[in-house]
There are 2 protein chains.
Amino acid sequence: MANPLQNRFHADDIAQAEHYLATEPPAEIDPRVERLVNELIGRIADKWTLLVLELLEEKGTLRFTAIGRQVDGISQKMLTQTLRQMERDGLLTRTVHPVVPPRVDYALTPLGNSLSAAFCGVWMWAERHLDTVEAARASFDARD
Amino acid sequence: MANPLQNRFHADDIAQAEHYLATEPPAEIDPRVERLVNELIGRIADKWTLLVLELLEEKGTLRFTAIGRQVDGISQKMLTQTLRQMERDGLLTRTVHPVVPPRVDYALTPLGNSLSAAFCGVWMWAERHLDTVEAARASFDARD
DNA sequence: CGGAATCCTTGAAGATACTG
DNA sequence: CAGTATCTTCAAGGATTCCG
């Protein structure tokens, strides 16, 4: 779950983006595209998908059991389901080796890698504002 | 649900990030921070939170009922819950006006705005690769 | 109007057992 | 080893009602 990109961006990238948000009026967007984008974000943002994505991005090719061991708390069922969905979406490849015992390798596609990169901004935000969020929560809880 | 930033970034930002991902070894990360980051991402990536975030970023200050009308499919219960969580995390402010009938205004904080900006990369990815993902799904479904 | 409280349904996910 | 199949639980979330 490392974030190798975090030192490669200028620290105020987000502040700059925020500036644009404040000064530019929002553009209109096709409702059909909007619905599909929402669906994709929902899928992608799902807990296990994100974890598997980051693991494979970090470790490269892994077999089924290896992924299960390194994504803590995931059940065999959810692992299978998550991997199938990701394969279906073109995020990873599933390679079955015709040997006994069976051996199945999983690796991200370029599309999967690009998605991992796309989440970089969110990772940076979370790491940068961790303390701020925790302070806000403590303050909120303190006043009932 | 517009994405005002999409035309402000160079088109190959993601490709560049992808390059770094491929060439740089991952850095180690504090497990405690990792757990908290995961929790934040889970919360943030939740369906309603993202929708409310984008709506408020686009429209500015809105009252309770206005948000409910514009986030299609959200129930009163989930709206209340989502707004409370976001307020607790410091993403938005809740302003109660002492009038009858009551009037409550919601608006993003700077922290909330920065989070919206952080998700820009994911939006861009989803919009850029929408067709690729749909094609991958069709291909996957075609071969059983 | 902006909620809180209650009940209730459904589907997601865990546990377990079995198999090519 | 890498799954599939089945059962069961449990909590997220919808519907409804009531209230300051």
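Naming: A, B, ... by sequence-line order, numbering from 1 per chain. In this text, all values refer to a predicted model and were calculated from it rather than measured experimentally.
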Engineer: Which residues pass the side-chain hydrogen bond (donor to acceptor under 3.5 Å, both in side chains) test with B:T82, sequence neighbours left out?
Structural biologist: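 For B:T82 there are no side-chain hydrogen bond (donor to acceptor under 3.5 Å, both in side chains) partners, ignoring immediate neighbours.
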Engineer: Could you work out, with side-chain hydrogen bond (donor to acceptor under 3.5 Å, both in side chains) as the rule, every residue matching A:D141, not counting sequence neighbours?
Structural biologist: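 A:D141 satisfies side-chain hydrogen bond (donor to acceptor under 3.5 Å, both in side chains) with B:R88 once adjacent residues are dropped.
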Engineer: Going by salt bridge (charged side-chain N to carboxylate O under 4.0 Å, His left out), name the residues that satisfy it together with A:R143, two or more places apart in sequence or in a different chain.
Structural biologist: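 A:R143 satisfies salt bridge (charged side-chain N to carboxylate O under 4.0 Å, His left out) with B:E87 once adjacent residues are dropped.
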Engineer: Starting at CG of A:L79 and ending at C1' of D:dC1, how long is that distance when rounded to a whole Å?
Structural biologist: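 My rounded result for the distance is 13 Å.
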Engineer: Nearest-Å distance, CZ (B:F64) to C1' (C:dA4)?
Structural biologist: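 After rounding, the reported distance stands at 11 Å.
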Engineer: A side-chain contact here means heavy atoms from C-beta on lying under 4.5 Å apart; do A:W48 and A:L51 qualify?
Structural biologist: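 A:W48 vs A:L51: side chains touch.
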Engineer: Give every donor-acceptor pair under 3.5 Å between a side-chain atom in residues 71-81 of chain B and any protein atom, sequence neighbours left out.
Structural biologist:
{"from": "B:S75", "atom 1": "OG", "to": "B:M78", "atom 2": "N", "distance (Å)": "3.3"}
{"from": "B:T80", "atom 1": "OG1", "to": "B:Q76", "atom 2": "O", "distance (Å)": "3.0"}

Engineer: If a pair satisfies side chain to side chain donor-acceptor pair (under 3.5 Å) and one of its residues is in residues 92-101 of chain A, list it, with sequence neighbours excluded.
Structural biologist: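 Qualifying pairs: A:R94-A:Y106.
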Engineer: What is the distance, to the nearest angstrom, from the CG atom on A:D105 to the P atom on D:dG3?
Structural biologist: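 Rounded to whole Å, this separation is 11 Å.
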Engineer: Below 3.5 Å between N/O atoms, which protein atoms pair up with nucleotides 13-20 of chain D? Just atom names and distances, please.
Structural biologist:
{"from": "D:dG13", "atom 1": "N7", "to": "B:K77", "atom 2": "NZ", "distance (Å)": "2.9"}
{"from": "D:dG14", "atom 1": "OP2", "to": "B:S75", "atom 2": "OG", "distance (Å)": "2.9"}
{"from": "D:dG14", "atom 1": "O6", "to": "B:K77", "atom 2": "NZ", "distance (Å)": "2.5"}

Engineer: What is the distance from OH of B:Y106 to P of C:dC1, rounded to the nearest Å?
Structural biologist: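 One finds 15 Å between P of C:dC1 and OH of B:Y106, rounded.
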Engineer: Please give, in whole Å, the distance from C:dC1 P to B:R63 CZ?
Structural biologist: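 Taking CZ of B:R63 and P of C:dC1, I get 7 Å after rounding.
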Engineer: Not counting sequence neighbours, which residues clear salt bridge (charged side-chain N to carboxylate O under 4.0 Å, His left out) with B:R103? List them please.
Structural biologist: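 Counting only residues at least two positions away or on another chain, B:R103 forms a salt bridge (charged side-chain N to carboxylate O under 4.0 Å, His left out) with B:D105.
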Engineer: For DNA chain C, determine which residues of residues 82-97 of chain A have any heavy atom closer than 4.0 angstrom to one of its atoms, and list them numerically.
Structural biologist: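 Contacting residues: none.
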Engineer: How would you list, by chain and number, every residue that makes a side-chain hydrogen bond (donor to acceptor under 3.5 Å, both in side chains) with A:Q70, sequence neighbours excluded?
Structural biologist: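 Once residues adjacent in sequence are excluded, the partners of A:Q70 under the side-chain hydrogen bond (donor to acceptor under 3.5 Å, both in side chains) criterion are A:K59.
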